Amino acid sequence: MSAVPHGLEHGHDHHQPSGLMRWITTTNHKDIGTMYLIFSFIMFLSGGVMALTIRAELFQPGLQVVQPEFFNQLTTMHGLVMVFGAIMPAFVGFANWQIPLMIGASDMAFARMNNWSFWLLPPAALLLVGSFFVPGGATAAGWTLYAPLSIQMGMGMDMAIFAVHIMGISSIMGAINIVVTVLNMRAPGMTLMKMPLFCWTWLITAYLLIAVMPVLAGAVTMILTDRHFGTSFFNAAGGGDPVLYQHVFWFFGHPEVYIMILPAFGIVSQVIPTFARKPLFGYASMVYATASIAILSFVVWAHHMFTTGMPVTGTLFFMYATMLIAVPTGVKVFNWIATMWRGSMTFETPMLFSVGFLFVFTMGGFTGLMCAIAPADIQYQDTYFVVAHFHYVLVAGSLFALFSGAYYWLPKWTGHMYDERLGKVHFWCSIIFFNITFFPMHFLGLAGMPRRIPDYNPMFADFNAMATIGAFGFGFSQLILLYVVIKCVRGGEKAAAKPWEGAEGLEWTVPSPAPYHTFEEPPVVR
Amino acid sequence: MSSTFEKYFVPEPSHFPIFGSAALLLIGSGAAMWLNRVSPGSWMVAAGFATLIYMLFGWFGQVIRESEGGKYGKQVDKSFRWSMGWFIFSEVMFFAAFFGVLFYVRVLAIPELSEGKSAMLWEGFQRAWPSGGPLVEEAFSPMHAWGIPAINTLILLTSGATLTWAHWGLLKGARGQLINGLALTVLLGVIFLGLQAYEYSHAYHEMNLKLSSGIYGSTFFMLTGFHGMHVTIGATMLTVILVRCLKGHFTAERHFAFEAVAWYWHFVDVVWLFLFVVVYWL
Amino acid sequence: SDARYNLQTPVTGIAEQIHGMHMLMLLICLVIFVAVFGVMFWSVFKHRKSKGAVAAHFHENTAVEIAWTVVPVLILLGMAYPATKTVIAMKDTSNPDITIKATGYQWMWGYDYLKGEGEGVRFVSMMSTPREQIEGAAAKGPNYLLEVDNPVVVPVGKKIRILTTANDVIHSWWVPAFGVKQDAIPGFIRDTWFRAEQEGVYRGNCAELCGKEHGFMPIEVHVVSAEKYAEWVAAQKKRMAEQAQPAAPQASANPATAG
Ligand code: HEA
Ligand code: HEA
Ligand code: CUA
Ligand SMILES: [Cu+2]
């Protein structure tokens, strides 16, 4: 890999726009990656503030903080903002920064389109968040936007629909860009089966995005026409069916949850070998497992619909298919543990978050499997048990993996080491408060507390109070991350090109911070 | 290896994307306002489309200049191929959603409402297709396959052939064949759209078949409407390609833009065949 | 009581089976979890650089990989078997003693006794918790938000089939102790059933987001002896005769609730 540092010096000689214009017009994958990450963090804080308001209302029985109507708006927007604003863009930010660096490409395949993919997000976010301020407020139909409730909503619903359209365009373009970059821009010698696992997981995720985002666009378009143009897709009187909406939505929705976890698997698969100082166990089976999860994700959607009253055969089919996903996911978990086995481990912050991920995500996986058991799901469906399940996989899964990756690559991005002590504090606060927040929700759900309610019977009071305290602790712990990142950007110990002893891969062959242009001539991978 | 290395083209910073974003923000918020009768929604939509058109012209214009300027090497060409392929796949999925809806309604919802448990809510509702559902207020007549739709099928199939003929012309360097073939394809596309517009107006005025005619009207107009929209886009792109051919762009070896549009056109063609069979015929 | 940590005490055969499934699943998951993370933590504590661990270099082992693919499949088969049996039992709504239609409205439930003893009884059931309790102006009762003006009454030990539908948006009829949760879909009829084996009062909620009062449309079912049930039916018939004018769900103008 000696060919690397050639393209480094020039690149600044083009007359680049400066100031704000640089960011608005940039075609550089690193700039764009940075913008994605900043955007997603802002959205995470916004969605988090909504969550804290929800938790404040649920601190005690009775209505204290918000009215039911607004509560439903908060729940809906919290889900939409977190899913489409925080988690997905964060992973795209990682893809932008890392994929070209990891495969030895000079940039993304379509650098200009890449810029547009990012700059579509702020308008979408404006539409979403702005909908709080229009007459009738934001949509309150849940992030799943089920018809016919969504048909009843006001103007905020239309804004959410258009926001979803715009985010869909952004995601599809972003995904095509990633597919093409990975397939067409790998450095010579970088065969697919030599590619870092993060690139693999993103390649597969990108396919999921291309396949399901258009379906979501179709679903919300039908809501729009049912609302305003007299169609009857989801209206029995006209021969349609409300449940049809759920089928279309979840055909998107289930792959969507894997869109939010597969790149997380990728990050963890980079981090664990580094800090175990041992190659990833079962690389090939990791690739096959990821692909299996993706393929299976297309045939399990109706596990969200066990209470709609499907026929026996449908129920059984979707139950079996869903259960099967535990197998490839299990393979991944076992591979990570086998990677750690007889390694020489150290526990810097990225590793802590990855091990934390493994431990807590798996709990979420198990509760998912419990939900997959159709008869049992009759009791879990639409209760806090499900809320607990998906926060275990989304917060302790996706989000912790993002944190892990952020600490892992921060030295490469900023050229400085982050504050290790504070990083560890962030980890321990996060994992402890996370469990205080979400573990009690299992009990609440089992005992019979429905989700999406602003008020509840006093028998649920203790665990709700606990969850609320945890949520505030968890939320404020995230300010530590903000502080660590800002501090790291502004200064700190200089990072070496390869700050982690056990790290492997092309990104560690370029200096830290990674120069504005890298790999203008591709390195050769042996 | 450096001797054989071809530098991948990475474009300069560009102001077009932000115009595109502004355009979609205007269209999105404007349309939301318009639909809820808040002014100046319609004007915002108009301004948004104007901005979008500016952006498309500028952006594609620049791409064309870069392409003609020889900036795109083999690898870039391959990127374009991959991307166009996957873009078309995403379009396939979009249509798949609506075809799925049609299938679901015909195979599950209508039978359930007329003969299943739910029939007790809708006394007298007969299982049938076309159906506007149990409560459709006014009778309508369905669209038959063997009139305009069949003619339109022939037209689109022919246009696929003329396009391929044009492509052969391009490959052979027969400019006349290329230009004529393309022009004919565009013409057929326009005729198709004209006939479809006629068919729609016929449906609305004489057959009482509307977007609001229950689920039949919903699926009929949404499927054919989105298809028509894609024909419009395809015909526009073909026109651009025609103009570029007239300007002497493209060589027998390098003409990916031509191929991309041809792929798109064939995709639109295939969607129509499915439409013809499941929307009009069966 | 244990109800606060776990599923409510089951009072029907199905709920019993579900409870069993649930505990079995918990147990299996717990065992796997302890085993898997036992290994991980052992490694975390032993294979540390600070303890002088030197990294091994293996990165493949076909036998192990096959094993940890096949074993989970077998475990899953073990779970799928009882689950399948329960699904089939749950879906068997044939030969009910009494059929009741439950219609979801924003935000209350309408009940229609369609067949069996009590046929013809209809009433509307709304939450009876006073506003002051919700707003904190009065002390909250033990059944806060889980109490209604007109509960559903059914005889003990009889197979009750519930047909669900809705008038406006999707609701869901849920009584945890019965192991029953069935969405109520406007324009469609779905069904489910239960046979309560114990007299008592059982409470549940609407379990599908249905707008602003979604949290305030509880379900209350009284399971009573055959005699008490007969008395209740007689009283209802009397009430309905007295009211002469249809006291049924007002929305009957909408065909979605006709029949
Ligand atoms: C990152 C997101 C994510 C991920 C990864 C998952 C993973 C899984 N989910 Fe989850 N899920 C959501 C996000 C996610 N989910 C969300 C957001 C919702 C709610 C949506 C809404 O209604 O708003 C939801 C809801 C949901 C439901 C519907 C619940 C309901 O509404 O009633 C179901 C039901 O089947 C389900 C199942 C599963 C399963 C089986 C997995 C599996 O992939 C898990 C597999 C993993 C493991 C099983 C653990 C590791 C395996 C081993 C250690 C091997 C050995 C194990 C055995 C053999 C047992 N999920
Ligand atoms: C995708 C990821 C994601 C993430 C990360 C989260 C994060 C959190 N979620 Fe949520 N959640 C969803 C996805 C997610 N959620 C979805 C999809 C739903 C379903 C919605 C629906 O039903 O339709 C849901 C629903 C949901 C509910 C159920 C609501 C209901 O049913 O009514 C609850 C309740 O407690 C909750 C809580 C939380 C909490 C406490 C966090 C915390 O982890 C958040 C922590 C972060 C912060 C608190 C931010 C820190 C900010 C500050 C400390 C303030 C500083 C501010 C500035 C500087 C401006 N979430
Ligand atoms: Cu009715 Cu929720
Ligand atoms: Cu799912």
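Lettering follows sequence order; numbering is per chain, from 1. Just so it is clear, the structure is predicted and the values come from calculations on it, not from any experiment.
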Next item on the list: Select one option (side chain, backbone, both, neither) describing which atoms of A:I151 are under 4.5 Å from chain C's heavy atoms.
Entry: neither

Item checked: Any side-chain donor near an acceptor of the partner, C:W174 and A:Q381, under 3.5 Å -> no

Notebook entry, point to check: Side chain, backbone, both or neither: which part of A:D455 has an atom under 4.5 Å from a heavy atom of chain C?
Noted result: both

Next item on the list: Can you tell which part of C:M40 gets under 4.5 Å to a heavy atom of chain A, answering side chain, backbone, both or neither?
Entry: both

Notebook entry, point to check: At a heavy-atom separation under 4.5 Å, does C:Q182 approach chain A through its side chain, its backbone, both, or neither?
Noted result: both

Check: Counting a contact as any heavy-atom pair under 4.5 Å apart, which residues of residues 24-35 of chain C contact chain A?
Finding: C:M25, C:L26, C:C29, C:I32, C:F33

Note to self: Counting only non-hydrogen atoms closer than 4.5 Å, does C:F58 touch chain A with its backbone (N, CA, C, O), its side chain (CB onward), both, or neither?
What the structure shows: both

Checklist line | Under 4.5 Å from a heavy atom of chain C, the part of A:P454 involved | finding: side chain

Checklist line | Residues A:H442 and C:Y5: side-chain donor-acceptor under 3.5 angstrom | finding: no

Item checked: Proximity breakdown for C:D191 and chain A, heavy-atom pairs closer than 4.5 Å -> neither

Check: Is C:N6 reaching over with its side chain to a backbone N or O of A:A447, donor-acceptor style, under 3.5 angstrom?
Finding: no

Show me the side-chain donor-acceptor pairs of residues 324-333 of chain A shorter than 3.5 Å, one per line, residues at least two apart or across chains.
| from | atom 1 | to | atom 2 | distance (Å) |
| --- | --- | --- | --- | --- |
| A:T329 | OG1 | A:I325 | O | 2.8 |
| A:K332 | NZ | A:T290 | OG1 | 2.5 |

Note to self: Looking only at heavy atoms and a cut-off of under 4.5 Å, which of C:T86, C:V39, C:L209 has the most pairs with chain A?
What the structure shows: C:L209

Check: Non-hydrogen atoms of chain A under 4.5 Å away: do they reach the side chain of C:V180, the backbone, both or neither?
Finding: backbone

